[in-house]
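For reference, the structure is listed below as structure tokens.
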Amino acid sequence: MGKKLTTGMLRQLHELDAARNDVGDHIQELIRRLTDGGVKVNQNDQFFAQTKVFWDKGWGTALGLESLKVYRDSVRDLAGKIPERPPVDYLNKLILVDRRVQLTDACRMAGLKYHGSDKTFKPYDEKVAKKHGDAYWMWCQDGRRNQNKKPSVCRTEFAKIPGAGSEVGLDEFEFVAMYAQDPSVIGTKENPRFIDLPGAVRADVPDNIACGGGWNGEPWCWCGSAVPEFGSASRWEFGPQS
């Protein structure tokens with residue numbers, strides 16, 4: 001849950017504005033962005049709800065787009081219609097992924113601390129990574145069903161249905177997109193959980209699999225073992241794998 005606005009914060013804003021004389025401009029821009037499209041969003045319409053989340057966090061501004069409508073139009077053109085549910089029951093979480101910004105910027109806008117670079121990770125499977133454009137929908141699961149299982153074992157056990165598609169491991173950017181839409185996926189500070197990302201590995205040490213969660217206050221670590229609090233997240237890749 002985000003922090004509540006306090007009188008202490010307002011006092012600091014006044015002090016900053018007195019020193020810099022431009023804080024009001026930043027606040028006005030934030031208000032304009034957050035109110036574009038309304039404050040309350042119909043959660044039953046996933047396209048409108050999830051694009052609003054990305055817009056509010058700054059995705060559209062980072063892309064140089066002037067309004068929520070323009071941002072939504074750009075997503076619609078790239079991602080197309082929401083795909084039908086896959087023939088795997090547990091892949092029931094629908095998440096929009098917009099990769100048009102750099103990973104470092106995405107983490108900052110989503111509220112994830114990240115001390116790596118845009119080149120820290122690389123795909124486990126380049127063929128899978130190249131199948132998608134800059135924005136797409138994914139039906140996925142957050143790893144809870146795979147807790148205490150090695151990510152390498154999960155990779156071999158992912159469902160493959162001839163003619164329908166395959167289950168593949170989430171990568172680092174898909175984790176950021178999932179967290180942006182639902183921060184509860186990594187639990188709480190008191191009770192953190194960790195999401196193995198079999199679709200991403202460390203670029204300089206490919207045996208190290210990426211993992212997102214609350215590790216010592218940071219959202220990133222590396223894993224390869226079976227750990228009770230860790231579990232591999234995955235999504236559906238529609239169509240037969242080439």
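Note: hydrogens, waters and symmetry copies are ignored here, and every other heavy atom, side chains too, is used. None of these values were measured; they are calculated from a predicted model. We're numbering straight along the sequence, starting at 1.
- Rounding to the nearest 0.5 Å gives a distance of 10.5 Å between NZ of K69 and OG of S74.
- Shortest non-hydrogen contact noted between A106 and V101 is CB-CG2, 3.9 Å.
- Ionic pairing of K149 and D196 is not present here: no N-O contact between side-chain nitrogen and carboxylate oxygen is shorter than 4.0 angstrom.
- Separation of atoms CG (D171) and NZ (K122) is listed at 14.0 Å; rounding is to 0.5 Å.
- Here OG of S234 is found 7.5 Å from CZ of R145. Values are rounded to the nearest 0.5 Å.
- A donor-acceptor pair shorter than 3.5 Å can be found between the side chains of Y114 and T120.
- Between W137 and F47, the ring planes lie tilted relative to each other; the angle falls in the 30° to 60° range.
- For the atom pair CG (D77) and CG (D134), the distance works out to 12.5 Å, reported to the nearest 0.5 Å.
- Between S166 and F158, the closest side-chain pair of non-hydrogen atoms is not below 4.5 Å.
- Here the closest heavy-atom approach between residue A110 and residue V176 is recorded as CB-CG1, 4.0 Å.
- Here the closest non-hydrogen pair linking W59 and D98 is NE1-O, 3.0 Å.
- In this structure, the separation between CG on L91 and CZ on R235 is 10.5 Å, given to the nearest 0.5 Å.
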Original post:
Where do K113 and R108 land on the side-chain contact (heavy atoms from CB on, under 4.5 Å) test, with the steps shown first?
Top reply: CA-CA 7 Å; K113 292 181 180 179; R108 173 181 54 79; over 6 Å; no
**OP:** Let me see the working for K127 and D125 under salt bridge (Lys or Arg N to Asp or Glu O under 4.0 Å), right down to the final yes or no.
**Re:** CA-CA 5 Å; K127 291 188 298 182; D125 187 335; 5.3 Å; no
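- Side-chain atoms of R100 and D105, non-hydrogen and from C-beta on, never get closer than 4.5 Å to each other.
- The cationic group of R85 lies under 6.0 Å from the six-membered ring centre of W139 and within 45° of the ring axis, placing it in a cation-pi geometry.
- Using a 4.5 Å heavy-atom threshold, the side chains of E174 and C140 count as separate.
- The shortest distance between side-chain heavy atoms of F121 and F173 does not fall below 4.5 Å.
- L94 and Y136 fall within a single hydrophobic cluster, where Ile, Leu, Val, Met, Phe, Trp and Tyr are joined by side-chain heavy atoms under 4.5 Å apart, directly or via other members.
- Using a 4.5 Å heavy-atom cutoff, the side chains of Q50 and Q181 are in contact.
- Note that the CG atom of D142 and the CD1 atom of I195 stand 5.5 Å from one another [nearest 0.5 Å].
- Classified by interplanar angle (parallel below 30°, tilted 30° to 60°, perpendicular above 60°), the ring pair F175/Y179 is tilted.
- Between R72 and L65 the shortest side-chain heavy-atom distance does not fall below 4.5 Å.
- Formation of a donor-acceptor pair under 3.5 Å by the Q141 side chain with backbone atoms of S232 is found in this model.
- The nearest pair of heavy atoms linking N92 to D89 is CB-O, 3.7 Å.
- Each of Y71 and L78 belongs to its own hydrophobic cluster when Ile, Leu, Val, Met, Phe, Trp and Tyr are linked at side-chain heavy-atom distances under 4.5 angstrom.
- In this structure a side-chain-to-backbone donor-acceptor pair under 3.5 Å is missing from S184 to G187.
- Cluster annotation: F48 is not connected to V53 through the hydrophobic network of ILVMFWY side chains, with a link wherever side-chain heavy atoms come within less than 4.5 Å.
- S117 approaches L103 most closely through the heavy-atom pair O-CD2, 4.2 Å.
- No single ILVMFWY cluster, assembled from side-chain heavy atoms under 4.5 Å apart, contains both F230 and V153.
- Contact detail for E167 and Y90: the closest heavy-atom pair is OE1-OH, 2.6 Å.
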**OP:** Decide side-chain contact (heavy atoms from CB on, under 4.5 Å) for E237 and H132; before the verdict, give the C-alpha distance in whole Å, the side-chain angles of both, and the deciding distance to 0.1 Å.
**Re:** CA-CA 10 Å; E237 184 67 75; H132 289 284; 3.1 Å; yes
Original post:
What's the verdict on side-chain contact (heavy atoms from CB on, under 4.5 Å) for I82 and L96, showing C-alpha distance, side-chain angles and the deciding distance?
Top reply: CA-CA 9 Å; I82 294 175; L96 174 65; over 6 Å; no
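- No side-chain donor-acceptor contact under 3.5 Å links N146 to the backbone of G231.
- Between I209 and R155, the closest side-chain pair of non-hydrogen atoms falls below 4.5 Å.
- Counting heavy atoms from C-beta on, the side chains of Y124 and P198 never come closer than 4.5 Å.
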